[in-house]
K.L.:
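There's a structure below that I have some questions on.
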Protein chains: 2
Amino acid sequence: MAKQPTIYDVAKLAGVSPATVSRVLNSPSMVNPEKRKRIMEAIESLKFTPKADAVAKARQQFKRIGVIAPFFTEPSFMERLKGISSVLSSQHYELVVYAVQSTEELDGYVDMLVSSKRVDGLISLCMHLDQTTVNKLQSSDLPVCCVEKDLTGFDAVIVHNQEGGAMAAKALYEKGCHNPGFIGEASTRSYAAHSTEERLEGFSNFFKEKGIELEPSHYWLGENNNEISTQGILKMLDSPNRPDCIFASSDTLAIRTIKCAGQLGLTVPDDLAVIGFDDIEMAEYVDLTTINQGLEESGVLAAEMMLQRLKHPDQPVRKSLIALKLSERGSTAVQT
Amino acid sequence: MAKQPTIYDVAKLAGVSPATVSRVLNSPSMVNPEKRKRIMEAIESLKFTPKADAVAKARQQFKRIGVIAPFFTEPSFMERLKGISSVLSSQHYELVVYAVQSTEELDGYVDMLVSSKRVDGLISLCMHLDQTTVNKLQSSDLPVCCVEKDLTGFDAVIVHNQEGGAMAAKALYEKGCHNPGFIGEASTRSYAAHSTEERLEGFSNFFKEKGIELEPSHYWLGENNNEISTQGILKMLDSPNRPDCIFASSDTLAIRTIKCAGQLGLTVPDDLAVIGFDDIEMAEYVDLTTINQGLEESGVLAAEMMLQRLKHPDQPVRKSLIALKLSERGSTAVQT
DNA sequence: TCTCCTCCTGAAACTGCTTTCATGTAACTA
DNA sequence: TAGTTACATGAAAGCAGTTTCAGGAGGAGA
């Protein structure tokens, strides 16, 4: 296991100073062509590659972006991450994932990132940060970009959840559904952004304007866990007064709803129309109508904003709005 | 934006040397209690936190594990990643994700990781590495742990794909299916490990032993892409001589198969039994029988092996075998 | 009282590259 | 020919800690 060559070894071999070798690597035009050639040969023969962390240290830059997320709970995170990853890797930035599973962990990560700098910037995916944490971030010089949850003073990619709820309502209403139901994940984890309530608001407001109130037994907010939510859904659907359509706040819940409907002998979309939110890949496989929120695109956007911010630290804060659109599929097909 | 304090500032304030401050942080028992108290106060008052990258540099250790994967193509990667992440974060290791989308990118990452050390170890998820790359890794001192694809000289988490294929075959055979079909992703991406062929082998061998040969029109190997695979599946199923069961090499393909069956008016499991491979979370939602390969567990295992390896670099190479098991659900329920 | 030992502590080396600053040289201009 | 300019280059500082090594102080035992 021979020790890896350093820039000093190259310099010695080529008979120049390390500074000149560094220049050959970073701004070759500054170095005399002959000497440059000699240095290049030395680099080749020693198979020298600059150690990335040494470069980072000297340059005070890491080429590394952190992503903090209440992770691994929903496929939607994965798709956002995919977008982020594609942009970062094309710019030779590394992606470090901080999966948050508790408020303490979140605080720990933020403290660590703020004080013991390891990343150039932080993308916060669907996190709900409390004021103390926000203050910490704001008084640090760590660039932050939020996705889904807007935060004063930081770049953000915003999803207009109310509008999405209204879109779902409109689609169902126009299909002839007038007895709506709602299934959503309750905000149990305080560190995660919760869009459920906003989506419900948009949804129920639309129907209210049409003179239709959501019946109390027609919405369910609970844990996004297979057994618990299945019970809740079955209870809502297994009643003579069941809704004729369901808007679920995520595609996973929507898919579970379809499954429950099947168990009860209800056919989708005839007995029950179902509409989800997210448009994860799986939605297409199971023929689910859903609100597309450009998951991958939002990741791309966030990463691009972050890289822009790093280039121009002083440019004004930017907010990007994601355009929602309805992906119509079988679960809301015209009733036969 | 005041400059962050360094260990030197603390040392000056406390009237000691930086070495002593470092000792207070890392092995407090070595320092005289009085002096220790004084230093602690200095640390408090300056709000000093050691910069992680400086520590890493001095210690020659990064507390950072890289994961290289043909990523974001299958939910199964996500679940493995979840397992890896949970172990690493509990040990305060960072997780850096390198998503590979082409052979060149793979080579680039490997070169970079080998020469310009940025991680303590590398977990290779379902990657197929060519011999040149393997050699590079072997002659470096970077610890590597492979998942799914075994590699001589490295720790590995191994999935016995043939056995899984045979398990699927056995389950279907015992349900009374004697006209099997197979749907699998073809090995188009040379940088990704391809287990499809092994699963097919185990599957068809089982039936062969029972005197049943897979008909040529009853297996399809193609791109795991919605349209292309849907066409292939429809073609296979829309024929009087269609199979009475399908083993799909991944759950996503299995779910698509169920969808196609529905389109053709076939009911699952009565007209067509379907069994998948992976047992991703979604499998439960859509009631798919599948071969569970402990995805999250395999991630946990890989991460643990890696941390062990870092502690004991010279221990012999270890191979862990994942126990497969059948997750029986609705798509192979007893025929009524 | 001398020697040995233990416990602390600071100096200095080490990690590996970038970048500024100062200097030297050669070419060009007045 | 002297002065100016442009270009090329090396020395050295800086990044921020850890760790080894040597030595001083003080206590215990002979």
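Per chain, numbering begins at 1; letters A, B, ... match sequence-line order.
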K.L.:
Would you check, one step at a time, whether the test salt bridge (charged side-chain N to carboxylate O under 4.0 Å, His left out) holds for A:Glu74 with A:Arg80?
P.N.:
CA-CA 11 Å; A:Glu74 285 282 331; A:Arg80 285 218 169 96; over 6 Å; no
K.L.:
With sequence neighbours excluded, give me every salt bridge (charged side-chain N to carboxylate O under 4.0 Å, His left out) pair touching residues 83-107 of chain B.
P.N.:
A:Arg118-B:Glu94, B:Arg64-B:Glu94
K.L.:
Which sits closer to the 5' end of DNA chain C, A:Arg59 or B:Tyr8, going by the nucleotide each is nearest to?
P.N.:
B:Tyr8
K.L.:
So if I take residues 14-34 of chain A and measure heavy-atom distances to DNA chain C, which residues fall below 4.0 Å?
P.N.:
A:Ala19, A:Ser22, A:Arg23, A:Asn26
K.L.:
Of all the heavy-atom pairs spanning A:Val55 and A:Pro50, show the shortest one and how long it is.
P.N.:
CG2-CB, 3.9 Å
K.L.:
Can you tell me the distance, in whole Å, between the CD atom of B:Gln4 and the P atom of D:dC15?
P.N.:
13 Å
K.L.:
Of all residues at least two apart in sequence or in a different chain, which pass the ring pair (Phe, Tyr, Trp, His ring centres under 6.0 Å) check with B:Tyr109?
P.N.:
B:Tyr98
K.L.:
Give the nucleotide from the list C:dC17, D:dT9, D:dG17 with an atom nearest to the side chain of A:Lys35.
P.N.:
D:dT9
K.L.:
What parts of residues 43-54 of chain B reach DNA chain D, counting only heavy atoms under 4.0 Å away?
P.N.:
B:Phe48, B:Thr49, B:Pro50, B:Lys51, B:Ala54
K.L.:
Would you mind reading off the distance between B:Gln60 atom CD and C:dC17 atom C1', rounded to a whole angstrom?
P.N.:
14 Å
K.L.:
Sequence neighbours excluded and cut-off under 3.5 Å, please list the side-chain donor-acceptor pairs for residues 301-317 of chain B, or say none.
P.N.:
from     : atom 1 : to       : atom 2 : distance (Å)
B:Arg309 : NE     : B:Asp155 : OD2    : 2.9
B:Arg309 : NH1    : B:Pro313 : O      : 3.1
B:Arg309 : NH1    : B:Gln315 : O      : 2.7
B:Arg309 : NH2    : B:Asp155 : OD1    : 2.9
B:Arg309 : NH2    : B:Asp155 : OD2    : 3.3
B:Arg309 : NH2    : B:Gln315 : O      : 3.3
B:Arg309 : NH2    : B:Pro316 : O      : 3.2

K.L.:
Take atom NZ of B:Lys63 and atom P of D:dT18, then tell me their distance rounded to the nearest Å.
P.N.:
14 Å
K.L.:
Check B:Leu129 against B:Leu137 and note the closest heavy-atom contact, atom names and distance.
P.N.:
CD1-CD1, 3.9 Å
K.L.:
State whether B:Glu41 and B:Lys37 are salt-bridged, where the test is any N-O pair (Lys NZ or Arg NE/NH1/NH2 against Asp/Glu carboxylate O) under 4.0 Å.
P.N.:
yes
K.L.:
Whole angstrom is fine here: how far is it from NZ in B:Lys12 over to P in C:dA11?
P.N.:
13 Å
K.L.:
Could you give the CD1-to-P distance, from B:Ile7 to D:dC15, as a whole number of Å?
P.N.:
15 Å
K.L.:
To the nearest Å, give me how far apart CZ (A:Arg118) and P (D:dG17) are.
P.N.:
13 Å
K.L.:
Knowing that exactly one of A:Ser76, A:Cys126, A:Ser298 qualifies, which makes a side chain to side chain contact (heavy atoms under 4.5 Å, CB included) with A:Glu148?
P.N.:
A:Cys126
K.L.:
Five pairs per end, C1' atoms only: what is the angle between the end axes of the helix from C:dT1-D:dA30 to C:dA30-D:dT1, to 10 degrees?
P.N.:
60°
K.L.:
Under 3.5 Å, is there a donor-acceptor pair between the side chain of A:Ser116 and the main chain of A:Met112?
P.N.:
yes
K.L.:
Taking NZ, NE, NH1 and NH2 as the nitrogens, is one of them in A:Asp120 or A:Lys63 under 4.0 Å from a carboxylate oxygen of the other?
P.N.:
no
K.L.:
Can you tell me how far CG of A:Asn135 sits from OG1 of A:Thr132, rounded to the nearest 0.5 angstrom?
P.N.:
6.5 Å
